[in-house]
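Have a look at the structure below before the remarks.
Computed over heavy atoms, backbone and side chain alike; hydrogens, waters and symmetry mates excluded. Everything quoted here is computed from the prediction, not taken from an experiment.
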Amino acid sequence: MMKTGHRQARALGPCERYSSSRHALGFYKCVINTCRYTVPTSGVQGQSVYEVFERALASVVLDIPSLRVGIKDEETSSPYFVFLSAINLHFHLEYHEVSKDLDVELIQKLEHQHDQYFPDISSRPPWKVIIVSTPHPANGVLTFDVIFAVHHSIADGRSTAAFHTKLLNELTCPSVRPIQLSDHVLSLPPSQQLSPPLEEAVAFKQSWGFVLGTLFRELGPAWLSRPSKAIPWTGKLITPEPFQTNLRLIVVPAEVAPSVLAICRQHGTTLTPLLHSLVLASIAKLVPAKDAQAFCSSTPIDLRPYISDHSPSGKPGALFGVLVTTQAHHFESHEIHGDRDEDDIWKTAVSLRGRMKKHLETVPKDDIISMLSWVTDWRKYWLSKIGKPRETTWEVSNIGSIHSIPGGSHLQPGWQIRRSIMSQGAMVAGAAIGVNVAGVAGGDICISLSWQEGIVETDLVEGMVLDLQRWLGQLGRGEKLAWK
């Protein structure tokens, strides 16, 4: 039996404790990025697929310190990371061959994985790679869906993209460095260094007005904290049961994806604000007007550009960790009711883009993520939310595109990534619906919708899927939007 040594790395930062407490309570289990890899059969000649991926994965783990740590005392208010002396990859890498449709099998596996705790996280790093494959190549090409599931205390969405980029590089050009891998056990170097938490990496600034205003809204008496805006519709009240993730997938094909992005630029906006606007239009017609006087959405914001000490490569996107904040968007009755047309869609998208740019000009001053340190008992905080309304109707999380081949250059046919799907599981005390966006340069844009069973009706989300798939397709083909 493998024994692993534990050496304290550092305490979790406030943002990391925010996520570790959710995992401990079962309020949020993991974030996942699934990439579809292809390779000619000659690329794995004489080797088992498991061995090829295990060797590449071992090298990636040696490159990313966050994948080499466990989390000790997660259920307490003072969790900390521990370095491990070895990792048994048998517990972190699975390979499955399926005979039915790969996409059908993938959605089922993602829903299942999003509902699982990471076990024994003080002695096993909380991440997992699952390879799903068809048993036979098509036209001499092997296809694999590679699921990377990771605890949100050690990685955010952009980190999952960085993981796949490194894995693709290792599959294409394996490292020549010595790797101590025996019977699936990877020995780790004794000298290790973990990157600092977000709060040390970004120089947040707080005004007293911001601090006092935020604390008053959270801690002040309810009768003095009357909302100045209409209360948004956010699905049913917060409950941890049942913790069951539902997922649906929308694919914007590579043939029309560039046109969708181009029409965004023509209107002076980007894909993320457009998706907020389309979701708003869809959900406003699916939820009865008598039940919804307002909606609230949110956008995670990457903080890597605000870190002065970037990774050794000098590329902010290569930084692996939890490096995000968020911005909320409130939509009042006059923005959601009445007859709407395509001009309204673009008007909302452009307005949101302006609000986002204005917000980014203030970061990292008076940013809400800098207030997390004021919460000393996250367990108590989350449990106090049960039975109350959630704050957010939906979240749009866009991690951008990754290169389909190493370095983005056009090499001879070899290992390639054909698509990327980012997904989140049930967010017990978070947004009622997660809208997660990822793409591959020159390829598809994939949008996953996720929700907790019972919080919103399945028919509502499936109606949103039909709307978004139709409208994005129409925009990509240069057609007018059809509302029916």
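- For an aromatic pair to be called close, the ring centres must be under 6.0 Å apart, and Y37 with F144 fails this.
- Side-chain polar atoms of S159 and R304 form a donor-acceptor pair below 3.5 angstrom.
- Counting heavy-atom neighbours within 6.0 Å of Q469 CD, excluding the residue itself, gives a total above 12.
- In this structure, R418 does not pair ionically with D145, as no charged nitrogen and carboxylate oxygen lie closer than 4.0 Å.
- A salt bridge is absent between D444 and R419: the closest approach of a Lys/Arg side-chain nitrogen to an acidic carboxylate oxygen does not fall below 4.0 angstrom.
- Under the 3.5 Å distance criterion, with hydrogens and angles disregarded, a donor-acceptor pair is assigned to the side chains of E395 and Q424.
- S77 is not listed as a side-chain neighbour of T376, based on a closest heavy-atom distance of 4.5 Å or more.
- Put simply, the side chain of D115 gets close to the backbone of T245: a donor and an acceptor are under 3.5 Å apart.
- Considering only heavy atoms from C-beta on, S401 stays 4.5 Å or farther from V440 through its side chain.
- With S370 contributing its side chain and F204 its backbone, the two residues share no donor-acceptor pair below 3.5 Å.
- Between E75 and R379, none of the side-chain N atoms (NZ, or NE/NH1/NH2) sits under 4.0 Å from a carboxylate O, so this pair counts as no salt bridge.
- Separation of atoms CZ (F27) and NZ (K385) is listed at 10.5 Å; rounding is to 0.5 Å.
- Taking 4.5 Å as the limit, some side-chain heavy atom of Q116 sits within range of a side-chain heavy atom of H112.
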S21 and W382: CA distance, side-chain angles, deciding distance, side chain to side chain donor-acceptor pair (under 3.5 Å) verdict: CA-CA 8 Å; S21 61; W382 293 124; 2.9 Å; yes
Intermediate values then yes/no, side-chain contact (heavy atoms from CB on, under 4.5 Å), T269 and C264: CA-CA 5 Å; T269 189; C264 287; 4.3 Å; yes
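- One finds the CG atom of L168 at 7.5 Å from the CD1 atom of I402 (value rounded to the nearest 0.5 Å).
- T143 and T38 share no side-chain donor-acceptor pair at under 3.5 Å.
- S19 places no side-chain N or O within donor-acceptor distance of the main-chain N or O of E16, the cut-off being under 3.5 Å.
- At a threshold of 4.5 Å between non-hydrogen side-chain atoms, the residues I130 and H96 count as touching.
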Derivation of the side chain to side chain donor-acceptor pair (under 3.5 Å) call for R248 and T458: CA-CA 10 Å; R248 296 294 185 271; T458 298; 5.3 Å; no
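- Side chain of Q452 to main chain of T239: a donor-acceptor pair is present (N/O by atom type, distance under 3.5 Å, no hydrogens or angles).
- Looking at E74 and S20, their side chains never bring a donor and an acceptor atom within 3.5 Å of each other.
- By the 4.0 Å N-to-carboxylate-O rule, R68 lies too far from D63 to be salt-bridged with it.
- For the pair T34 and S420, the minimum side-chain heavy-atom distance is 4.5 Å or more.
- No side-chain donor-acceptor contact under 3.5 Å links N139 to the backbone of V141.
- For the pair D367 (side chain) and V363 (backbone), a donor-acceptor distance under 3.5 Å is absent.
- Side chains of H114 and S450: a donor-acceptor N/O pair is absent below 3.5 angstrom, by distance only.
- When all heavy atoms are compared, the tightest approach of G387 to L237 is O-CD1, 3.3 Å.
- The number of heavy atoms from other shown groups lying within 6.0 Å of CD (Q8) is above 12.
- Between atom OG1 of residue T165 and atom NE2 of residue H403 there is a gap of 8.0 Å, rounded to the nearest 0.5 Å.
- W378 contributes atom CH2, which lies 12.5 Å from atom CG of L383 (distance to the nearest 0.5 angstrom).
- Remark: L352 CG to H359 NE2 distance equals 13.0 Å, nearest 0.5 Å.
- Taking the ring centroids of H23 and Y117, they lie under the 6.0 Å cut-off.
- Contact between E111 and N246 at its shortest, heavy atoms only, is OE2-CA, 3.5 Å.
- Salt bridge absent: R158 and D156 never bring a charged side-chain N and a carboxylate O closer than 4.0 Å.
- Comment: E170 does not engage K166 in a salt bridge, judged by the lack of any side-chain N to carboxylate O separation of less than 4.0 angstrom.
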Audit row: Q327, S298, side-chain contact (heavy atoms from CB on, under 4.5 Å) steps and yes/no: CA-CA 5 Å; Q327 181 185 9; S298 64; over 6 Å; no
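- A donor-acceptor pair shorter than 3.5 Å can be found between the side chains of H276 and T299.
- A heavy-atom distance below 4.5 Å is not found between the side chains of V150 and C30.
- Within the 6.0 Å centre-distance limit, the rings of H92 and W127 are counted as a close aromatic pair.
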Residue pair I250, L449: steps toward the side-chain contact (heavy atoms from CB on, under 4.5 Å) verdict: CA-CA 8 Å; I250 298 167; L449 272 67; 3.9 Å; yes
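- No close placement of the W374 and Y18 rings is indicated, their centers lying 6.0 Å or farther apart.
- Two residues are said to be in side-chain contact when any heavy atoms from C-beta on lie closer than 4.5 Å; C15 and L198 meet this criterion.
- The nearest pair of heavy atoms linking L472 to L278 is CD2-CD1, 3.8 Å.
- Between the side chains of S78 and D73, no donor-acceptor pair is found at a separation under 3.5 Å.
- Between W451 and V461, the shortest heavy-atom contact is CZ3-CG1, 3.4 Å.
- Atom CZ of R390 and atom SG of C296 lie 12.5 Å apart (nearest 0.5 Å).
- Judged purely by atom type and a 3.5 angstrom limit, R22 has no side-chain atom pairing as donor or acceptor with the backbone of A429.
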Verdict with supporting geometry, I447 and L249, side-chain contact (heavy atoms from CB on, under 4.5 Å): CA-CA 6 Å; I447 305 167; L249 180 63; over 6 Å; no
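- A centroid separation of 6.0 Å or more is found between the aromatic rings of Y50 and H90.
- Checking side-chain atoms of S182 against main-chain N and O of V185 turns up no donor-acceptor pair under 3.5 Å.
- Remark: side-chain polar atoms of S277 are not paired, donor with acceptor, to backbone N or O of P273 under 3.5 angstrom.
- A donor and an acceptor atom, one from each side chain of N436 and S448, are located under 3.5 Å apart.
- In this structure, P79 and I71 approach most closely via the heavy-atom pair CB-CG2, 4.3 Å.
- The minimum heavy-atom distance between P364 and A203, with the atom names listed, is CG-O, 3.4 Å.
- Looking at heavy atoms from C-beta onward, V82 lies out of side-chain contact with V69 at the 4.5 angstrom threshold.
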